[in-house]
There are 2 protein chains.
Amino acid sequence: MSGDALDTLVASLRREGVRITTARRLVLDALVRGTPHPTAEELLSSVRAMAPDVHASTVYRNLDELERLGVVVHTHLGHGPATYHLAADAHGHLVCEACGRALEAPPDLFGQLARGVKRRLGFTLHPYHFAVLGLCAGCAAQTPART
Amino acid sequence: MSGDALDTLVASLRREGVRITTARRLVLDALVRGTPHPTAEELLSSVRAMAPDVHASTVYRNLDELERLGVVVHTHLGHGPATYHLAADAHGHLVCEACGRALEAPPDLFGQLARGVKRRLGFTLHPYHFAVLGLCAGCAAQTPART
DNA sequence: CGCCTATTGCGAGCTGGTCGCAACAGCAGC
DNA sequence: GCTGCTGTTGCGACCAGCTCGCAATAGGCG
Ligand SMILES: [Zn+2]
Ligand SMILES: [Zn+2]
Ligand SMILES: [Zn+2]
Ligand SMILES: [Zn+2]
């Protein structure tokens, strides 16, 4: 079942005429099966576990290309490196400034905001590229109040 | 009147025991009087207009220090360099992915979102660090529809 | 199998920012 | 106004995260 997700993805890319190389397949595999918010470097090391000679720039180029194809999206959870998702899994992020943990925003959370912005400013929101920062419940309790 | 804003800021910093150097005063001056979303490099060149020998790292260090003191905040409007505001002027940003223009979010815009997040997840939002991307009215009209 | 061309490995290069250090300059105290 | 303490500065080296140019390689179609 979960092996299928990769195969399906690969098949549909091939149908679009996208060439499937080992590196590209392994990047997709790492995205399908790995931990939730991998950075390019984490993806690189997953890829290298199977194909040790893959070069970092290959991973960057594949991520760019897959993003251009609409298969992958990247997100910034803070100041560090970008993190990647399968586009099908895209979601907003709430990141705690104190403990650094990233919560996935419930899918409807930005809906109201998006509607308000649209109505008032005519602006169409794509709220997934940057995380929204703040303090999670646990850290807020331990932190001296802040404006 | 507008010269006062700087003087007031400087006076209050001095009262807190902060040492006021030429570079620091010029950075503040550029923030008070310059264009709305300056990058560190833009601030550097404003500063150099008055004091040509100020070094880039001095501007970075002053911005860090002023941020630590709560006088300045930085924001990421996109992939480029960070941009700076006086903390007193802080506001959310809506940035158009097509034309790159940054709109200031009306101050109450994030209020609902913040209340929703707080109630449902106990998460306290600080919605100013990262911009929220999207398409402005003008660009949305010209762009082939997108999910 | 062979060709075409997209993709890769590789290293150099780039942007935006940080750091360690010795010289320097605020400003409090006299 | 001068002195001294200490925070700040100029400077260069360095760093992370990413991008590019190029020649060699390898998908995939016929
Ligand atoms: Zn991004
Ligand atoms: Zn996520
Ligand atoms: Zn930031
Ligand atoms: Zn702004």
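Naming convention: chains lettered A, B, ... in sequence-line order (proteins, then strands); numbering from 1 in each chain. Nothing here was measured: the structure is a model prediction, and the numbers come from that model.
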Quick one: do B:Asp7 and B:Arg14 make a salt bridge, cutoff under 4.0 Å? no
How close do A:Phe123 and B:Val95 get, counting heavy atoms only, and between which atoms? CZ-O, 3.4 Å
To the nearest angstrom, the CG-C1' distance between A:Leu63 and D:dT19 comes to 13 Å
Atom CG of B:Leu44 and atom C1' of D:dC11: how far apart are they, to the nearest Å? 14 Å
Work out which heavy atom in B:Val132 is nearest to a heavy atom in A:Pro127; give both atom names and the distance. CG1-CA, 4.2 Å
Review item, nucleotides 26-29 of chain C N/O atoms under 3.5 Å of protein N/O:
unit_1	atom_1	unit_2	atom_2	d
C:dG26	N2	B:Arg19	NH2	3.3
C:dC27	OP1	B:Arg14	NH1	3.1
C:dC27	OP1	B:Ile20	N	2.8
C:dC27	OP2	B:Arg14	NH1	2.7

CZ (A:Arg101) with more than 12 external heavy atoms under 6.0 Å: no
Keeping the roles fixed (side chain from B:Thr39, backbone from B:Pro81), state whether a donor-acceptor pair exists under 3.5 Å. no
Are B:Val54 and B:Val72 connected in a single hydrophobic cluster, I mean Ile/Leu/Val/Met/Phe/Trp/Tyr linked by side-chain heavy atoms less than 4.5 Å apart? yes
Output the rounded distance in Å from CD (A:Glu67) to P (D:dT19). 10 Å
Rounded off to whole Å, could you give me the CD-to-P distance for the A:Glu16 and C:dA6 pair? 16 Å
In whole angstrom, give the distance that lies between atom CZ of B:Arg24 and atom P of D:dG10. 12 Å
Smallest separation among heavy atoms of B:Cys96 and B:Leu135, with atom names: SG-CA, 4.0 Å
Starting from C1' on D:dA16, measure out to CD on A:Glu42 and report it in whole angstrom. 15 Å
Quick check on contacts: within residues 69-87 of chain B, what sits under 4.0 Å from DNA chain C by heavy-atom distance? B:Pro81, B:Ala82
Is there a donor-acceptor pair under 3.5 Å between the side chain of B:Glu104 and the backbone N or O of B:Gly92? no
Tell me which residues in residues 45-61 of chain B put a heavy atom below 4.0 Å from DNA chain D, sorted by number, or none. B:Asp53, B:Val54, B:His55, B:Ser57, B:Thr58, B:Arg61
